[in-house]
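Worksheet for the structure shown next.
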Amino acid sequence: MSDYALLAELLFPHIDKTPEDYEAVYPPRNLPEGAKVTRFAPSPTGFMHLGNLFVSMIDSIAARDGGVFYLRIEDTDKKREVEDAVERILHGLAAFGIVPQEGEQADGGALGDYGPYRQSQRKDIYQCYAKSLVEKGLAYPCFCTEEELNYLRAKQETAGANPGYYGEWAVFRNAPLGEVRRRLRAGEPYVLRLRSDGSEEKKIVVEDLVKGKIEMPENIMDLVLLKADGIPTYHFAHAVDDHLMRTTHVVRGDEWIASLPVHIALFCALGFKAPKYVHVSPIMKTDGGGKRKLSKRKDPEAAVSYYAEQGYPKEGVVTYLLTLANSNFEDWLRANPGKAVTGFPFNFKKMSPSGALFDLAKLNDICKNVISVMTAEQVYDYVMDWAAQFDKTLHDLFSADPCYAKAILSIDRGVKKPRKDIATWSQVLDYVSYFYDEAFRQRFDLPENISAAGAKAILSAYAAVYDENDDKDAWFERIKALCEPLGLTPNVKEFKANPQNYKGHVGDVSTVIRLALTGRENTPDLYSIMRLLGKDRVLRRLNTAL
RNA sequence: GGCCCGUUGGUCAAGUGGCCUAAGACUCCGGCCUCUCACGCCGGCAACACGGGUUCGAAUCCCGUACGGGUCACCA
């Protein structure tokens, strides 16, 4: 038995499976040609960053056409773990219509044949591959303490060498078997390190699907594979899991690019074929003069939950994100109205290699468009869902009389040029408030060109002739008829041509009425509003406005 | 500092050597429509980071500079 084999047995006596056993348990997936296997692999902190949503969305859309998108929990760092994290992650995704077909579930179970999907439950698998690496002389135990590592770094600094555990500096790289055995017997803690055979002179080349060709020096670090507690580092788990779970495309933030040499080295040492990499740029925001990544600590809009709370329609957020991912998405949407987003021919290569600035104005515009083409019924349902959780006042108002609520939402909806007033559900209460006596605050801010007496005259004259049975034309005729006795003109064009001849025009009349009925100068179509308000409310407001 | 990535209007971006007098969308500003507002329509402001090459010809290819970002853990 070789020293390596001896060492492997010494380190992992309890591991009796071989990599071949696992290969048999997790065979290549039987999928249609070209189908992609993607995964979302968060650590269970429970916090969903906008970037996480962005990546998951890409994962999920890439796995269409017979592929698989699964959720894997990377809980190799117990310090960061949070209760209920998986549930929160799944909720965060589902709120935007993203549902992994496979992987960890909220109830602690899992879907799929390639599990467990929680890294803390895969210890034996990692150790099996670690053992095989030791047998091949590609990994070894290192007994350095934190202090020793600090000392090493200090020494490298004074020597002008690059810091790190590598080459000549790797103290346990060639430790004799006897010493290892002695330390092991003494119960000294150790980590397992890769015995790197890389050379700085040589390059690795990775064809990234968004960044293109990336060339970097080979890895020379004897990086940690297994931590002192026997749990793998991200790098080692990535190689083992993505191979065994047969991931074809790894979509992740581009902060991982720097680790590419390490990952390539690991896939190579383990004898695996590396997946395709899709390194996406972070979503940025401006800060002072420059731009920076959306920060979990400083920016509330970095959290996916923010959009739910603010009441952004999920389709709007997804559309915006998709626009950032593939800028032709908006054009496609316009050309294919009503089609499900899953029909969009998403393309990794159309993703921008540089980071996009988050643009709230654009998001709002998209959301307004999205909501404007919904039916009143749909809007009502969404609003109720949102209000149930975030706005009791609105929820009470809307549930008291659903028909009335839907009638309000129907104004200028379902026509060729629908109104676009609403960007978020949280704006709905303000939008509809004057339809409800409970929420209506009567106030009358006199427009500049109208006197209090003039306004009063208009209101009383109108109250005298108002007829709730008028159709729209009759209604407008009645308002126009009010003009001349009061020194105004019903003809706006005429007014514009000879403003000196009149005190105002019919627009001023309707503005005064509008003000009395709604408390604001700008609203949707007044006639529709009055029909909904009904005779009693109209007359009461007309009479009490001033 | 080493290594890597990026850089077209205020923002997202099209563009893969001649079709670029550089598209479209958002924002902003005019105007039209109009009972107000919104919608819609018409129009406008506004960009290839800089310097060298290669080429008949460069936003596009190469080199350098500047600026921005990332990364150098027993975190992911």
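Sequence lines set the chain letters: A, B, ... in the order given, protein chains first and strands last, and positions in each chain run from 1. The model shown is predicted, which means the values in this text are computed figures rather than measured ones. What's counted below: heavy atoms across the whole structure, side chains too, no hydrogens, waters or symmetry copies.
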Out of G70(B), C4(B), G15(B), which has the shortest distance to the side chain of Lys350(A)? G15(B)
Where the side chain of Asp331(A) is concerned, which of A25(B), G40(B), G24(B) is the nearest nucleotide? G24(B)
Between U27(B) (C1') and Ile366(A) (CD1): distance, integer Å: 13 Å
Ser43(A), nearest nucleotide to its side chain (from A76(B), C39(B), G6(B)): A76(B)
Taking the minimum atom-to-atom distance to the side chain of Val506(A), which one of C3(B), C35(B), U71(B) wins? C35(B)
Considering only distance and modelled atom types, tabulate donor-acceptor pairs under 3.5 Å from the side chains of residues 47-58 of chain A, sequence neighbours left out.
{"from": "Asn52(A)", "atom 1": "OD1", "to": "His49(A)", "atom 2": "N", "distance (Å)": "3.0"}
{"from": "Ser56(A)", "atom 1": "OG", "to": "Asn52(A)", "atom 2": "O", "distance (Å)": "2.6"}

Looking at the side chain of Arg193(A), which of C74(B), U27(B), U36(B) is the nearest nucleotide? C74(B)
Just to be sure I understand the rule, does Glu215(A) reach a base, reach only the sugar-phosphate, or reach nothing, if contact means heavy atoms closer than 4.0 Å? sugar-phosphate
Please give, in whole Å, the distance from U7(B) P to Leu357(A) CG? 14 Å
Specify the separation, in whole Å, of atom NZ of Lys211(A) and atom C1' of U7(B). 12 Å
Whole-angstrom distance between G18(B) and G52(B), as gauged at atom P: 23 Å
Contact class for Cys144(A) vs. all strands (heavy atom < 4.0 Å): base, sugar-phosphate, or nothing? base
Check every atom of U71(B), G6(B), G40(B) against the side chain of Lys417(A) and return the nucleotide holding the closest atom. G40(B)
Under 4.0 angstrom, heavy atoms only, what part of the nucleic acid is Arg334(A) near: base, sugar-phosphate, or nothing? sugar-phosphate
Check the distance between C74(B)'s P and Leu194(A)'s CG and give it to me in whole angstrom. 13 Å
Determine: side-chain N/O of Lys493(A) to OP1/OP2 of U34(B), distance under 4.0 Å, yes or no. yes
Reading RNA chain B from 5' onward, which residue's closest nucleotide shows up sooner: Leu526(A) or Phe358(A)? Phe358(A)
G24(B) and A14(B), which share atom name C1', separated by this distance in whole Å: 7 Å
Think Thr233(A) has a side-chain N or O under 4.0 angstrom from the OP1 or OP2 of A76(B)? no
I need the NE2-P distance between His263(A) and A76(B), as an integer number of Å. 10 Å
Round to the nearest Å and state the distance from Ile513(A) atom CD1 to U36(B) atom P. 13 Å
Base, sugar-phosphate, or nothing: which does Ile479(A) touch, judged by heavy atoms less than 4.0 Å apart? nothing
Contact class for Thr76(A) (heavy atom, under 4.0 Å): base, sugar-phosphate, or nothing? sugar-phosphate
G2(B) -> Watson-Crick or G-U wobble partner, both distances under 3.5 Å, gives U71(B)
Using atom types as modelled and distance alone, determine if a side-chain donor or acceptor of Glu74(A) lies under 3.5 Å from a backbone N or O of Gln119(A). no
Are Ser43(A) and Thr45(A) linked by a side-chain donor-acceptor pair shorter than 3.5 Å? no
Regarding the side chain of Val492(A), the nearest nucleotide among C35(B), C12(B), G15(B) is C35(B)
Give a yes or no answer on whether the side chain of Asp365(A) reaches the backbone of Ala361(A) with a donor-acceptor pair at less than 3.5 Å. no
Using heavy atoms and a sub-4.0 Å distance, could you list which residues of residues 217-230 of chain A are near RNA chain B? By number, please. Pro217(A), Val224(A), Lys227(A), Ala228(A)
Roughly how far apart, to the nearest Å, are G64(B) and C12(B) at atom C1'? 30 Å
Please classify the nucleic acid contact of Ser372(A) as base, sugar-phosphate, or nothing, using heavy-atom distances under 4.0 Å. nothing
When rounded to whole Å, the CG to P distance for the pair Leu324(A) and A25(B) reads 18 Å
In whole angstroms, the gap separating P of U34(B) from CG of Asn491(A) amounts to 10 Å
Selection from A25(B), C37(B), A13(B) that lies nearest to any side-chain heavy atom of Ser327(A): A13(B)
Within the structure, does a side-chain N or O atom of Thr523(A) lie under 4.0 Å from either OP1 or OP2 of U36(B)? no
Establish, from distance only, whether the side-chain atoms of Asn219(A) and Tyr166(A) form a donor-acceptor pair under 3.5 Å. no
For the side chain of Asn522(A), starting at C-beta, report the closest nucleotide among C37(B), A13(B), G69(B). C37(B)
Tell me whether Glu215(A) at atom CD has more than 12 heavy atoms from other residues, nucleotides or ligands lying less than 6.0 Å away. yes
Euclidean distance for P, A59(B) against A22(B) (whole angstrom): 11 Å
Does the C37(B) base have a donor-acceptor partner in the side chain of Arg520(A) within less than 3.5 Å? no
Is it true that a side-chain atom of Arg122(A) and a backbone atom of Pro116(A) form a donor plus acceptor pair closer than 3.5 Å? yes
Quick one about Tyr70(A) and Thr247(A) (side-chain donor to acceptor, distance below 3.5 Å, no hydrogens or angles considered), yes or no? yes
If we call it a pair only when both distances are under 3.5 Å in a Watson-Crick or G-U wobble match, what pairs with U11(B)? A25(B)
With rounding to the closest Å, how many angstrom separate the C1' atoms on C26(B) and G9(B)? 12 Å
Without swapping roles, check the side chain of Lys227(A) against the backbone of Thr76(A) for a donor-acceptor pair under 3.5 Å. yes
Going by distance alone, is a donor N or O of one side chain under 3.5 Å from an acceptor N or O of the other, for Asp222(A) and Tyr140(A)? yes
Please confirm whether any donor atom in the side chain of Asp525(A) sits under 3.5 Å from an acceptor in the base of C35(B), or the reverse. yes
Using the test side chain to side chain donor-acceptor pair (under 3.5 Å), find all partners of Asp445(A) that sit at least two apart in sequence or belong to another chain. Arg443(A)
When all nucleic acid strands are considered with a 4.0 Å heavy-atom cut-off, which category describes Asp77(A): base, sugar-phosphate, or nothing? sugar-phosphate
Which nucleotide, C5(B), C35(B), C39(B), lies nearest any side-chain atom of Ser510(A)? C35(B)
I'd like the P distance from C45(B) over to A25(B), given in whole Å. 15 Å
Counting only side-chain nitrogens and oxygens, does Lys420(A) get under 4.0 Å of the OP1 or OP2 atom of G40(B)? yes
Applying a 4.0 Å non-hydrogen cut-off, can you work out what Glu521(A) is touching in the nucleic acid: base, sugar-phosphate, or nothing? base
Watson-Crick or G-U wobble partner of U55(B), both distances under 3.5 Å: none
Quick one: do Asp430(A) and Arg520(A) make a salt bridge, cutoff under 4.0 Å? yes
In whole Å, what separates the C1' atom of C39(B) from that of U34(B)? 11 Å
Separation between the P atoms of U16(B) and C61(B), rounded to whole Å: 10 Å
Take Asp365(A) and Ile214(A), find for each the nucleotide of RNA chain B with the closest heavy atom, and name the residue whose nucleotide sits nearer the 5' end. Ile214(A)
Considering Watson-Crick and G-U wobble pairs with both distances under 3.5 Å, what does U36(B) pair with? none
